[in-house]
Amino acid sequence: MANHMQFGFQDASSPIMEELVEFHDHALMTALAICSLVLYLLTMMLTEKLSSSTVDAQEIELVWTILPAIVLIMLALPSLQILYMMDEINEPDLTLKAIGHQWYWTYEYTDFKDLTFDSYMTPTADLPLGHFRLLEVDHRVVVPMESLVRVIVTADDVLHSWAVPSLGVKTDAIPGRLNQTSFTATRPGVFYGQCSEICGANHSFMPIVVESAPLANFESWSSLLSS
């Protein structure tokens with residue numbers, strides 16, 4: 001859960017989010033190296049005396065052509081790897097369908113019979129002690145931990161976006177179209193997200209709560225809800 005003094009990402013709770021945080025740090029270190037080099041060169045130009053002795057133009061052109069190419073390769077290769085990892089969905093253990101409405105979510109567990117519910121934001125007046133205002137819902141999404149969950153995302157009216165930062169998930173919900181993503185929760189816990197596409201007056205009141213639980217707890221919850 002993020003806090004008001006936080007400068008970085010939320011703690012990663014899925015392998016994809018761990019890769020995204022690592023790539024973010026890698027890109028920042030590359031940018032820091034470039035900025036340091038440019039600052040050093042500017043300082044040298046401003047403080048050193050001008051000299052007429054210059055390096056051969058071909059050597060300079062060779063250096064400033066090869067170095068940017070190497071930097072781009074260093075950024076492109078891990079980025080493409082993460083993109084393929086996010087797009088690859090092989091034999092999911094559970095399929096969840098999320099349907100965006102103005103302004104709530106409907107969830108369908110397609111592997112179960114008649115396991116469907118709507119998820120509305122909990123009003124502040126009804127909020128239990130210790131829960132987060134504008135982020136808690138009346139019905140949480142419960143998934144088994146350490147299991148590959150496929151999420152099929154669509155919308156019923158306007159554009160929405162199903163996003164849970166700590167799981168590394170953000171997928172647009174488009175009317176008439178099915179988008180899919182996946183995640184694997186590596187630890188038990190409660191993960192919060194929100195609709196990340198401006199969808200109308202109550203866009204700020206479409207929270208998403210995903211609860212990761214051991215498989216036995218998930219089976220008990222699903223049997224209780226579907227009965």
Side-chain angles (χ1 to χ4, degrees), residues 1-14 16-17 20-21 86 94-110 112 115-145 147 149-175 177-213 217-218 221-222 224-226:
M1 179 64 193
N3 58 73
H4 65 284
M5 293 294 292
Q6 183 171 331
F7 289 98
F9 292 101
Q10 299 180 27
D11 293 338
S13 302
S14 70
I16 290 296
M17 190 58 191
L20 289 173
V21 172
M86 295 176 69
L94 178 69
T95 299
L96 172 70
K97 186 176 182 181
I99 306 173
H101 307 272
Q102 288 181 313
W103 288 272
Y104 64 96
W105 294 96
T106 296
Y107 296 102
E108 299 177 4
Y109 287 77
T110 59
F112 297 83
L115 185 49
T116 303
F117 57 86
D118 296 330
S119 180
Y120 290 86
M121 185 192 74
T122 303
T124 304
D126 302 332
L127 197 65
L129 184 64
H131 288 226
F132 297 105
R133 188 177 70 89
L134 302 183
L135 287 178
E136 192 55 68
V137 296
D138 56 355
H139 292 96
R140 294 175 173 177
V141 175
V142 181
V143 298
M145 61 177 290
S147 300
V149 180
R150 174 175 58 187
V151 185
I152 300 175
V153 184
T154 186
D156 186 54
D157 36 42
V158 298
L159 293 176
H160 300 279
S161 185
W162 201 82
V164 184
S166 58
L167 296 175
V169 176
K170 183 180 184 297
T171 304
D172 288 341
I174 303 173
R177 178 175 176 177
L178 296 177
N179 290 330
Q180 70 174 0
T181 185
S182 66
F183 65 87
T184 301
T186 55
R187 58 186 174 90
V190 179
F191 313 114
Y192 295 90
Q194 289 178 302
C195 176
S196 298
E197 188 73 43
I198 297 177
C199 56
N202 291 331
H203 158 68
S204 302
F205 308 106
M206 286 186 63
I208 301 163
V209 182
V210 178
E211 182 176 347
S212 172
N217 295 22
F218 170 77
W221 171 85
S222 61
L224 180 63
L225 200 65
S226 59

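All figures in this text were calculated on a predicted structure; none of them were measured in a lab. All values below come from the heavy atoms of this structure, side chains included, with hydrogens, waters and symmetry mates left out.
To the nearest 0.5 angstrom, T122 atom OG1 is 9.5 Å from H139 atom NE2. Put simply, CD1 on I198 and NE2 on H160 are 12.5 Å apart, with the number rounded to the nearest 0.5 Å. Atom OG1 of T184 and atom CG of L167 lie 9.5 Å apart (nearest 0.5 Å). Separating the CD1 atom in I99 from the OG1 atom in T116 is a distance of 8.0 Å, to the nearest 0.5 Å. Rounded to the nearest 0.5 Å, atoms CD (Q180) and OG1 (T171) are 9.0 Å apart.
Looking at S14, its side chain never comes within 3.5 Å of a backbone N or O of A185 through a donor-acceptor pair. Between the side chain of S182 and the backbone N or O of R150, no donor-acceptor pair lies under 3.5 Å. No donor-acceptor pair under 3.5 Å is formed between the side chain of D118 and the backbone N or O of T106. S161 places no side-chain N or O within donor-acceptor distance of the main-chain N or O of C195, the cut-off being under 3.5 Å. The backbone N or O of D172 sits less than 3.5 Å from a side-chain atom of N179, completing a donor-acceptor pair. Between the side chain of D138 and the main chain of Y120, a donor-acceptor pair closer than 3.5 Å is present. With hydrogens and angles ignored, the 3.5 Å screen pairs a side-chain donor or acceptor of T154 with a backbone N or O of I174.
In this structure the side chain of L96 reaches within 4.5 angstrom of the side chain of V141, judged on heavy atoms. Contact of the L94 side chain with the F112 side chain is registered, since non-hydrogen atoms from C-beta on lie closer than 4.5 Å.
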Evaluate the side chain to side chain contact (heavy atoms under 4.5 Å, CB included) criterion for residues F132 and L127: first the C-alpha distance (whole Å), next the side-chain angles of each, then the deciding distance (0.1 Å), finally the verdict. CA-CA 8 Å; F132 297 105; L127 197 65; over 6 Å; no
Report the C-alpha separation of M145 and T186 in whole Å, then their side-chain angles, then the decisive distance to 0.1 Å, and conclude whether the side chain to side chain contact (heavy atoms under 4.5 Å, CB included) test is met. CA-CA 6 Å; M145 61 177 290; T186 55; over 6 Å; no
Determine, stepwise, if the pair S222 / L115 fulfils side chain to side chain contact (heavy atoms under 4.5 Å, CB included). CA-CA 8 Å; S222 61; L115 185 49; 4.1 Å; yes
Go through E108 and T95 one step at a time and tell me if the side chain to side chain contact (heavy atoms under 4.5 Å, CB included) criterion holds. CA-CA 9 Å; E108 299 177 4; T95 299; over 6 Å; no
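Looking only at atom types and distance, the side chain of Q10 has no donor-acceptor partner in the side chain of Y192 under 3.5 Å away.
Under the 6.0 Å cut-off for aromatic ring centres, Y109 and W221 qualify, their centroids lying closer than that.
Ring pair Y107/W162 is perpendicular by interplanar angle, where above 60° counts as perpendicular and below 30° as parallel.
Residues M17 and G168 come closest through the heavy atom pair SD-CA, 3.6 Å. Residues D157 and G100 share a closest heavy-atom pair of OD1-O, 3.9 Å.
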Without placing hydrogens or testing angles, list every side-chain donor-acceptor pair under 3.5 Å for residues 199-213, not counting sequence neighbours.
residue, atom, partner, partner atom, Å
H203, ND1, E197, O, 2.9
E211, OE1, R140, NH1, 3.4
S212, OG, R187, O, 3.1

